[in-house]
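The next block holds one structure in the form of structure tokens; read it before the comments.
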Number of protein chains: 2
Amino acid sequence: MFDILFKYFEQKSGLTLLQDEKSLIEENFKSKRFRKKQYLLQEGDTCKYAGFIAAGAARMFSVDEKGHEHIVRFGIEGWWLGDPESYTQQTPSKFNIEMIEDSELLLITWDHFQELIAAIPAVAAATKDMDKQSFIASQKRIHSAISLTAEERYDELAKAYPAFIQRFPQNMIASYLGISPETLSRIRKNALSN
Amino acid sequence: MFDILFKYFEQKSGLTLLQDEKSLIEENFKSKRFRKKQYLLQEGDTCKYAGFIAAGAARMFSVDEKGHEHIVRFGIEGWWLGDPESYTQQTPSKFNIEMIEDSELLLITWDHFQELIAAIPAVAAATKDMDKQSFIASQKRIHSAISLTAEERYDELAKAYPAFIQRFPQNMIASYLGISPETLSRIRKNALSN
DNA sequence: AAATTGACTTGACATTTGTCAAGACTGTAC
DNA sequence: GTACAGTCTTGACAAATGTCAAGTCAATTT
């Protein structure tokens with residue numbers, strides 16, 4: 001069950017983990033099962049754990065005054081969950097993280113993560129790479145948001161992450177794109193005739 | 001002129017730079033003046049240098065098929081310029097970086113930056129922090145883009161970066177927010193009566 | 001000083017997107 | 001098997017935003 005995590009660190013870092021290092025990782029993460037609709041983080045709470053998704057899927061979202069949900073991020077196997085701001089600074093989060101499917105998460109606190117980074121070069125390198133890639137991906141999404149129409153944003157998502165389209169309900173995809181479910185339904189309808 | 005850069009590394013890292021380290025930094029960066037409207041990076045070129053803004057201001061933007069510009073990022077004194085994707089992977093960029101004012105930049109190639117990171121703990125720590133903060137800031141902007149109206153996005157920007165509002169022309173602020181200059185003009189007009 | 005350019009505003013109108021309400025359909029719970 | 005909740009679709013209409021064109025103003029150039 002930790003294998004996917006070891007593989008992640010090794011691939012991202014380009015290094016190989018020693019047996020000792022693997023043991024250290026296992027000691028610092030704790031594995032936990034989540035049922036669909038269960039929360040890893042709720043608005044107002046501090047993000048105590050970052051979670052590596054060994055299996056399953058989740059979403060991070062906010063809820064506005066009108067009760068509308070806005071999905072900031074999806075996560076599937078091999079991705080990380082957590083509100084970076086709340087996690088690194090231990091401040092209350094504005095977001096919720098909820099499982100979309102039954103999931104298996106590997107959890108770690110900020111302090112334990114810092115220990116691993118200090119002790120294991122592969123973890124340090126992988127983390128660094130992760131932050132950089134996250135930033136690059138975010139820039140792309142910002143660029144889409146300010147420069148494309150709803151339909152273009154949908155097409156781009158379908159192309160970049162086709163798995164999302166099949167795996168997540170349409171209303172969540174709409175929320176992720178920042179449009180209403182009705183608009184997305186109409187976009188998809190139009191697409192058929194093109 | 002390098003003082004602002006030294007201060008940046010020290011503040012971000014919480015460490016103090018030794019004299020040797022300062023010298024090493026000076027050797028690896030090169031200082032260059034840019035006139036207003038001059039480009040640091042043009043679409044299609046590879047982002048050879050990252051630039052630390054010692055003085056001045058700039059914008060990073062794309063141009064779509066209709067000739068419309070979309071500003072992904074602003075930069076002012078103490079901020080960095082560069083397309084992270086193009087810079088770290090040395091691939092052609094989709095963006096342009098242009099000075100909004102006469103500016104003084106401290107430039108460094110990717111390879112030289114890696115050398116500094118390896119040699120100077122304060123630079124390594126500051127860079128790590130920078131990536132994390134950039135990601136957090138990006139997440140906030142994504143959240144605004146998908147959940148707020150044009151007016152709310154403007155208000156948020158005015159609150160978070162009041163300096164931008166005074167310093168940059170309205171049409172650029174509009175482009176940054178992903179709205180037309182006319183819409184921003186009307187938003188500002190309405191705001192007066194509230 | 002006259003001409004030119006760029007930034008901003010304003011009005012009229014078009015287009016996109018959101019909202020509300022209703023209905024079809026599916027899978028799940030009881 | 002029936003009821004129920006969730007998801008998606010569709011239509012009618014409202015609201016937000018974009019587009020085009022014209023005009024003002026200030027700064028810059030000639």
Side-chain angles (χ1 to χ4, degrees), chain A residues 35-38 57-59 61-71 74 98-102 144-158 164-194, chain B residues 35-38 57 59 61-71 74 98-102 143-158 164-194:
Chain A
R35 307 269 321 263
K36 182 176 175 175
K37 300 202 176 177
Q38 220 180 328
R59 64 189 178 123
F61 65 98
S62 72
V63 182
D64 66 24
E65 324 78 41
K66 291 175 191 157
H68 291 165
E69 299 178 350
H70 303 282
I71 297 181
F74 285 121
E98 186 203 49
M99 303 306 129
I100 301 177
E101 304 169 0
D102 291 348
S144 302
I146 65 172
S147 61
L148 302 181
T149 64
E151 180 163 8
E152 290 167 332
R153 292 206 299 282
Y154 176 74
D155 290 344
E156 197 180 73
L157 177 66
F164 285 8
I165 308 292
Q166 306 153 355
R167 194 159 177 179
F168 303 130
Q170 264 186 52
N171 60 46
M172 290 190 189
I173 301 285
S175 171
Y176 180 85
L177 293 172
I179 61 182
S180 69
E182 293 94 335
T183 296
L184 180 54
S185 176
R186 288 175 180 121
I187 285 171
R188 285 170 56 94
K189 189 184 172 190
N190 287 339
L192 295 178
S193 43
N194 295 339
Chain B
R35 307 269 320 265
K36 183 176 175 175
K37 297 203 177 177
Q38 219 179 329
R59 65 192 180 122
F61 65 99
S62 71
V63 182
D64 67 23
E65 325 78 43
K66 292 176 192 159
H68 291 165
E69 299 178 350
H70 303 283
I71 298 181
F74 285 120
E98 186 202 47
M99 302 306 129
I100 300 177
E101 304 170 1
D102 292 347
H143 185 248
S144 302
I146 66 172
S147 61
L148 302 181
T149 65
E151 180 162 6
E152 291 167 332
R153 294 205 299 284
Y154 175 74
D155 290 343
E156 196 180 73
L157 177 66
F164 285 9
I165 307 293
Q166 307 155 353
R167 192 159 178 180
F168 303 130
Q170 263 186 53
N171 61 47
M172 290 190 189
I173 300 284
S175 170
Y176 180 86
L177 293 172
I179 61 181
S180 69
E182 292 94 335
T183 295
L184 180 54
S185 176
R186 289 177 180 121
I187 285 171
R188 286 170 56 95
K189 190 183 171 190
N190 287 339
L192 294 178
S193 41
N194 295 340

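Here is how names work: the chains are called A, B, and so on, in the same order as the sequence lines, proteins then strands, and each is numbered from 1.
Whole-Å rounding puts the I146(B) CD1 to dT17(C) C1' distance at 16 Å. Atom-to-atom, CD1 of I179(B) to P of dT16(C) comes out at 19 Å; the value is rounded to the nearest Å. When rounded to the nearest whole Å, the span between CD of E69(A) and C1' of dG18(C) equals 17 Å. To the nearest angstrom, P of dG18(C) lies 11 Å from NZ of K66(A). Residue E151(B) contributes atom CD, which lies 17 Å from atom P of dG18(C) at whole-angstrom precision. If you take CG of L148(B) and P of dT17(C), they are 18 Å apart, rounded to a whole angstrom. Rounded to an integer number of Å, the gap from N190(A) CG to dT16(C) P is 10 Å. Here the P atom of nucleotide dT9(D) and the CD1 atom of I173(A) are 13 Å apart, to the nearest Å.
Between F164(B) and F74(B), the ring planes lie perpendicular to each other; the angle is over 60°, past the 30° to 60° tilted range.
For the atom pair E182(A) CD and N171(A) CG, the distance stands at 10.0 Å (nearest 0.5 Å). Rounded to the nearest 0.5 angstrom, R186(A) CZ and S180(A) OG are separated by 7.5 Å. Separating the CG atom in D155(A) from the OG atom in S144(A) is a distance of 11.0 Å, to the nearest 0.5 Å. Atom CE of M172(B) sits about 13.5 Å away from atom CG of L177(B), to the nearest 0.5 Å. Within the model, atoms CD1 of I71(A) and CD1 of I146(B) stand 8.0 Å from one another, a figure rounded to the nearest 0.5 Å.
Taking every side-chain heavy atom of Q170(B) into account, dC8(C) is the closest of dC8(C), dG18(D), dT9(D). When distances are taken from the side chain of P169(B) to each of dA7(C), dT17(D), dG11(C), the shortest belongs to dA7(C). Distance from the side chain of R186(B) is smallest for dG11(C) among the nucleotides dG11(C), dG18(C), dT17(C).
Between the side chain of D102(B) and the main chain of R35(B), no donor-acceptor pair closer than 3.5 Å is present. Put simply, the side chain of R153(A) gets close to the backbone of L148(A): a donor and an acceptor are under 3.5 Å apart.
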Indicate for each nucleotide in nucleotides 21-30 of chain D, in 5' to 3' sequence, whether protein heavy atoms under 4.0 Å reach the base (B), only the sugar-phosphate (S), or nothing (-). ----------
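Mapping L184(B) and K37(B) onto DNA chain C by nearest heavy atom places K37(B) closer to the 5' end of the strand.
An OP1 or OP2 oxygen of dG18(C) is reached within less than 4.0 angstrom by a side-chain nitrogen or oxygen of T183(A). Dashed line: the shortest gap from a side-chain N or O of N171(B) to OP1 or OP2 of dC8(C) is under 4.0 Å. Considering only side-chain N and O atoms, K189(B) lies nowhere under 4.0 angstrom from the phosphate OP1 or OP2 of dT9(C).
Between the axis at the start and the axis at the end of the helix from dA1(C)-dT30(D) to dC30(C)-dG1(D) there is an angle of 30°, using five pairs per end and rounding to 10 degrees.
Proximity of I173(B) to R188(B): side-chain heavy atoms (C-beta onward) are nowhere separated by under 4.5 Å.
Under 4.0 Å is where a charged nitrogen must lie from a carboxylate oxygen, and between R59(B) and E98(B) at least one such pair does.
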